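Here the structure is laid out as structure tokens; the discussion comes afterwards.
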Amino acid sequence: MSGRPRGRASRRSPGPSSSRNRTLAGPDRAKDTFNTKMDIDPDMLSDHKIQDSLLSSNSRFFDYRGIFNWCIIMLMLTNLHMFLDNYIEYGLRVDLGQVFYHFLKDPYSWPATYLILASNVFVVAALFFERWQEWDYITEATGKVLEIGNLSAMLLFPAAVILHESTSLSVGGSMLALLVYTVTALKIYSYHEVNSWFRQGIQTSSVTGVKNESEQKWVTYPNNLTTGDLYYFLLAPTLCYQLNFPRNVVIRKWFVARRALEIILLSQLMIAMIQQLICPLMLKSSRLFTEMDMTAKIKHVMELVAPNNFIWIILFYWFCHSVLNFMGELLKFGDREFYADWWNSDNLNRFWTTLNLPFHKWSLRHVYRPLLLQGFPQWQAQVIVYMMSAALCEYVIAIPLEMFRFWIFATVVLQAKMTLLLGRFFSGNYGNCLVWLCVLMGPPIAVLTYLHDYYMLNRESNAWSLY
């Protein structure tokens, strides 16, 4: 009997510390509990606060690099799938050597070269018109008439030659010639306007822009009316003339080499994608785009959207970054702002103004602001700029193909209307989605429909054998 209670007591013996805790009571027990709570992190007791989900528009989260990389990979895999599908059905169609042979050996390429060289006649005439006005050989009014006639002839002459000698000129060479004449005409117009401002006293200071870092000499009017000054402007990657351009000190050889390598590799990549991805889709087609019913049109456009826009994005980087930077570096041209972040545009107006900054600056300086000064409302001035841009695009594409269907003009004008009507309802991420939808289904597709119908009309001849 005596051993059992001792055993029960030994099992229940909690030790010195436990015995102390069990005997605590009153203020001592409350004090020990308080010390235990003080050891707990307060954040562990508050895990929630008022906040939006990460993908909500109110979260102000903008770092989507991972999603962007995923989209790029998916786009590459989609085009790779099309490449393999066309390879299985049509074989390997990529032949880069055929392209260089086409431009070097094809007799149709040389007339376009001669046509481009003939543009120097209009350039020299523009220089003489400016000199005659400065020397008071002709009046300002007579000079304006001569300048307008020269610019009109600069746009009409190549178009007339191409339409009259269509059998002697290749399509690619004709497009290149019209593009050169169009850019030259825009530059010459700016050249005339700026010199006119100096003669009339509207512009009195020739020290504009950033100071020339390679030379401390400033060119003043009329000392700028030289052949070297004019041809430097014609070769420089800008459309807006000024007497003193910002200049770099040295030419970075490695920068030039990288841009030259990009020009070569990306041009070959675009040609390969056209041959392997676009051409097979055209081979599958048996009717003109204008003869298809609505369902067939939508299906055909959906097939062309992915490869077509991938090529256009590469073309943007190739020209606006590689080519323009290559030219700018060789000429020590300091202003390299050729584009802005157009891919983040939340409306079409910002998209078109940031995609091609040289043309935007030209239209702002020589078209938009003069229209505002004449009393035009802003929306009318914007529409006029849109229509002029669309007309120039139609001019470069439609005349070489001899197909005047105004699809490019219609899509650009339609986008201008969408900017005015839907701009107030779509903004932020929703506006950016609308912009990308218009880019995917807009002018690039219109250009491709031109080429599709031209191919269908000339598929039996050798004129389109390369493409």
Side-chain angles (χ1 to χ4, degrees), residues 119-120 122-140 142-144 146-147 150-151 154 180 183-253 255-256 259 320-321 323-340 356-370 373:
S119 64
N120 290 282
F122 303 98
V123 172
V124 174
L127 178 60
F128 275 102
F129 295 157
E130 290 298 329
R131 288 179 175 178
W132 292 345
Q133 292 177 78
E134 174 58 27
W135 298 338
D136 291 330
Y137 289 175
I138 57 176
T139 63
E140 190 77 19
T142 304
K144 280 292 184 184
L146 293 175
E147 291 166 4
N150 187 46
L151 290 172
M154 192 179 299
V180 170
V183 172
T184 304
L186 296 178
K187 285 174 175 275
I188 293 298
Y189 182 85
S190 179
Y191 183 74
H192 287 314
E193 285 287 290
V194 173
N195 286 308
S196 176
W197 295 340
F198 277 101
R199 283 193 301 271
Q200 297 174 13
I202 299 175
Q203 178 70 39
T204 58
S205 174
S206 61
V207 184
T208 55
V210 182
K211 192 174 182 180
N212 191 327
E213 297 180 359
S214 61
E215 301 174 1
Q216 299 301 320
K217 297 180 180 179
W218 290 103
V219 178
T220 58
Y221 184 84
N223 297 326
N224 65 307
L225 300 179
T226 62
T227 305
D229 180 85
L230 177 56
Y231 273 92
Y232 176 86
F233 168 57
L234 293 178
L235 294 175
T238 180
L239 295 177
C240 293
Y241 178 72
Q242 65 186 53
L243 271 65
N244 296 282
F245 290 104
R247 302 282 293 276
N248 292 332
V249 179
V250 296
I251 297 176
R252 295 170 291 178
K253 296 180 181 178
F255 185 87
V256 173
R259 299 290 84 79
C320 292
H321 186 78
V323 174
L324 295 184
N325 272 293
F326 179 80
M327 294 296 298
E329 191 68 25
L330 289 179
L331 296 171
K332 298 182 181 179
F333 188 80
D335 186 5
R336 307 294 178 83
E337 191 183 26
F338 305 127
Y339 54 89
N356 187 351
L357 283 181
F359 181 77
H360 169 65
K361 293 176 181 179
W362 183 92
S363 59
L364 190 66
R365 183 208 240 184
H366 297 293
V367 181
Y368 183 77
R369 286 174 180 169
L373 292 176

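Note that the numbering runs from 1 along the sequence shown for the chain. Note that the structure is a prediction, hence the values are computed from the model and not measured. What you see below is based on every heavy atom in this structure, not just the backbone, and it leaves out hydrogens, waters and symmetry mates.
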For Y189, ring-ring contact (aromatic ring centres under 6.0 Å, His included) partners two or more places apart: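 For Y189, the residues satisfying ring-ring contact (aromatic ring centres under 6.0 Å, His included) (neighbours in sequence not counted) are W362, H366.
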The criterion is ring-ring contact (aromatic ring centres under 6.0 Å, His included); which residues satisfy it with F333, sequence neighbours excluded?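 Partners of F333 under the ring-ring contact (aromatic ring centres under 6.0 Å, His included) test: F245.
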Under 3.5 Å donor-acceptor, E337 side chain and L357 backbone: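 No; zero donor-acceptor contacts below 3.5 Å.
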Look only at the side chain of K187 and the backbone of T238, and say whether a donor-acceptor pair between them is shorter than 3.5 Å.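 Yes, the answer is positive, given that a donor and an acceptor are paired below the 3.5 Å cut-off.
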Between Y191 and N224, is the side-chain hydrogen bond (donor to acceptor under 3.5 Å, both in side chains) condition met? List the steps. CA-CA 11 Å; Y191 183 74; N224 65 307; 4.9 Å; no
Does some side-chain heavy atom of Q133 sit less than 4.5 Å from a side-chain heavy atom of L225?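 They are not in contact (no side-chain heavy atoms under 4.5 Å apart), so the answer is no.
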Close side-chain approach of N356 to Y339, heavy-atom, < 4.5 Å: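 SC-SC contact between N356 and Y339 ruled out.
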Under the criterion salt bridge (Lys or Arg N to Asp or Glu O under 4.0 Å), which of E193, E140, E134 is the partner of R199?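 The single option meeting the salt bridge (Lys or Arg N to Asp or Glu O under 4.0 Å) with R199 is E140.
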Is it the case that more than 12 heavy atoms not belonging to F255 sit under 6.0 Å from its CZ atom?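 Counting neighbours around CZ of F255, more than 12 heavy atoms of other residues, nucleotides or ligands fall under 6.0 Å, so yes.
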Looking at [atom1] of [X] and [atom2] of [Y], how far apart are the two atoms once the value is rounded to the nearest 0.5 Å?
X    : Y    : atom1 : atom2 : answer
E329 : N248 : CD    : CG    : 6.0 Å
Y232 : T226 : OH    : OG1   : 13.0 Å
L239 : K361 : CG    : NZ    : 10.5 Å

N120 versus Y231, side-chain donor and acceptor atoms under 3.5 Å: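 Their side chains do contain a donor-acceptor pair, which is all the 3.5 Å distance test asks for.
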